[in-house]
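These notes are about the structure you will find just below.
Note: hydrogens, waters and symmetry copies are ignored here, and every other heavy atom, side chains too, is used.
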Amino acid sequence: MFVYNLFIRLLISAMKIGAIFNYKLKKGLAGRRQSCDIVKSKISQDDKVIWMHAASLGEYEQGLPVLEKLKIKFPGHKILITFFSPSGYDNVIKKNTIADAICFLPFDTEDWVKEFTSNFKTEIFFTVKYDYWYHLLENLKNQGAKIFVVSALFYETQIFFKAYGSWFVNQLKKNVDWFFHQTQHSTALAKGIGLKNSSTSGDTRFDRVKQLRDGDNLVKYIEEFKQNKTTLIFGSSWESEERLAEIIASKNKEVKLIIAPHDLKRVERLQNIFPNAILYSQHENTPELKYMSSQVLIIDCIGLLSKIYSYGNLAIVGGGFHSKGLHNILEAATFGIPVFFGNQYTKNPEADELIARNGGKSFEDEFFAAPYILGLLNDQTSLVKMGNNARNFIEEQPVSSEIILDQILKRL
């Protein structure tokens, strides 16, 4: 326990030092100082609260189908959403959501957690995937909250499987009412260390991407840019994916490329690579002739990618060519297009499943990927078949949020 508290103090100190040089860290620290004021202004001590915690945007999207179903069952409850990451908070705070309050999760010190949670009555709390905080879980359980983990994903390198991690496992045994795991392997790992309150419910991201696919996916000017040509979507691109785009653009002048970089700071680099590219933010002032002749469209704003996949014939998703982590491949697969990515992923079991179903493929680097994709672009039969495989893979997944909701209601 002493070591954990020391770790939290060191984390806070490190973030304070880092905030001098990093805007996101600075924003996260400032946001946490406002968290208590935010909940006080939106939620009273008499309100019953359903609280979802998500580390970042991906976990938010994963947990949202469950949160929406809980809100339908308990329309009188207030909804609180907390984030650890500034990027997750920044994306969601701009959207219309079912939340009554959205804020940063305070650091996991005993005093800070008590101050925050004393402002309201939490009836249901769930965290998404694997963001666990010792004092937070203990405090909520002492207040009588029901605590769940949605789309849990255990893997062998986590602290729970180390000799020094048994104290945290005991904390989870005591405080978490149920773990809803993404995979049978994750469930088996959890039960292997004594977390018997576990079951396999599947990945709620499948529910979410089906929702997104069936919604309104119109994005202005994309059809005008496509000109009915085969279109490749580069989603959440990093340097390797952008080099791959450069190779494909130079080898096949007939295809269109839409590139949505992971970080908008990459837009300038993309403009250097593709000097004739169109910026989406300038579409209203772009002459029709340039739309017809330009091969590349750069998405220089956030929030459009999941819709833009609906316009693609093939997707390349970023993050898998390095250790940053593979971004969401399901958002593309749900639209029935093949998905390609790097092979450096360890926490994405859906990637292995998509490959096994021949709905996608991974590569060691962009130079291995380029000839395969170029060949596929000349084989429309195989291209369409892989896309159908991707869509079928999504369709065949269980509706995890309904399974989870049913089990939560049994435990209230």
Taking side chain as C-beta onward, heavy atoms only, is [X] less than 4.5 Å from [Y]?
X	Y	answer
Phe160	Leu172	yes
Phe154	His181	yes
Phe274	Ser294	no
Tyr309	Ile258	no
Lys173	Lys196	no
Tyr4	His135	yes
Leu376	Phe340	yes
Ile81	Trp51	no

**Message:** Please check this pair: side chain of Lys307 against backbone of Asp216, looking for a donor-acceptor N/O pair closer than 3.5 Å.
**Reply:** yes
**Message:** Closer than 3.5 angstrom, by distance alone: can the side chain of Asn313 be matched with the main-chain N or O of Thr231 as a donor-acceptor pair?
**Reply:** yes
**Which residues share a side chain to side chain donor-acceptor pair (under 3.5 Å) with Asp131, sequence neighbours left out** = His53, Trp133
**Sequence-distant partners of Asn22, side chain to side chain donor-acceptor pair (under 3.5 Å), two or more places apart** = none
Less than 3.5 Å apart, any donor N or O on the side chain of [X] or [Y] sitting next to an acceptor on the other?
X	Y	value
Thr230	Glu254	no
Thr204	Ser151	yes
Ser237	Glu242	yes
Gln62	Asp203	yes
Asn217	Tyr311	no
Gln344	His322	no
Asn272	Glu268	no
His327	Glu241	no
Ser201	Ser400	no
Asn142	Glu138	no
Ser198	Trp178	no

Rounded to the nearest 0.5 Å, what separation is found between the [atom1] atom of [X] and the [atom2] atom of [Y]?
X	Y	atom1	atom2	value
Asn388	Arg357	CG	CZ	11.5 Å
Arg391	Glu395	CZ	CD	5.5 Å
Leu136	Asn139	CG	CG	7.0 Å

**Message:** Using a strict threshold of under 4.0 Å (side-chain N to carboxylate O), is an ion pair present between Asp47 and Lys78?
**Reply:** yes
**Prompt:** How about Arg9: does its CZ atom have over 12 heavy atoms from other parts shown lying under 6.0 Å from it?
**Reply:** no
**Tyr89 and Phe83 aromatic ring geometry - parallel, tilted or perpendicular at 30°/60° bounds** = perpendicular
**Request:** Quick one: sort the His77 and Phe74 rings into parallel, tilted or perpendicular, breaks at 30° and 60°.
**Result:** tilted
**Item:** Minimal non-hydrogen separation, Ala333 against Val339, with atom names
**Value:** N-CG2, 3.8 Å
**Prompt:** Would Arg243 count as a cation-pi partner of Phe321, with NZ or CZ less than 6.0 Å from the six-membered ring centre and within 45° of the ring normal?
**Reply:** no
**Message:** Could you tell me if Lys256 sits above the aromatic ring of Phe225, with its cationic atom closer than 6.0 Å to the ring centre and no more than 45 degrees from the axis?
**Reply:** yes
**Request:** Kindly indicate, with the supporting measurements, whether the criterion side-chain contact (heavy atoms from CB on, under 4.5 Å) is fulfilled by Phe179 and Val176.
**Result:** CA-CA 7 Å; Phe179 292 86; Val176 177; 3.6 Å; yes
**Prompt:** Going through the distances and angles, do Tyr280 and Ile298 end up as a side-chain contact (heavy atoms from CB on, under 4.5 Å)?
**Reply:** CA-CA 6 Å; Tyr280 185 78; Ile298 300 170; over 6 Å; no
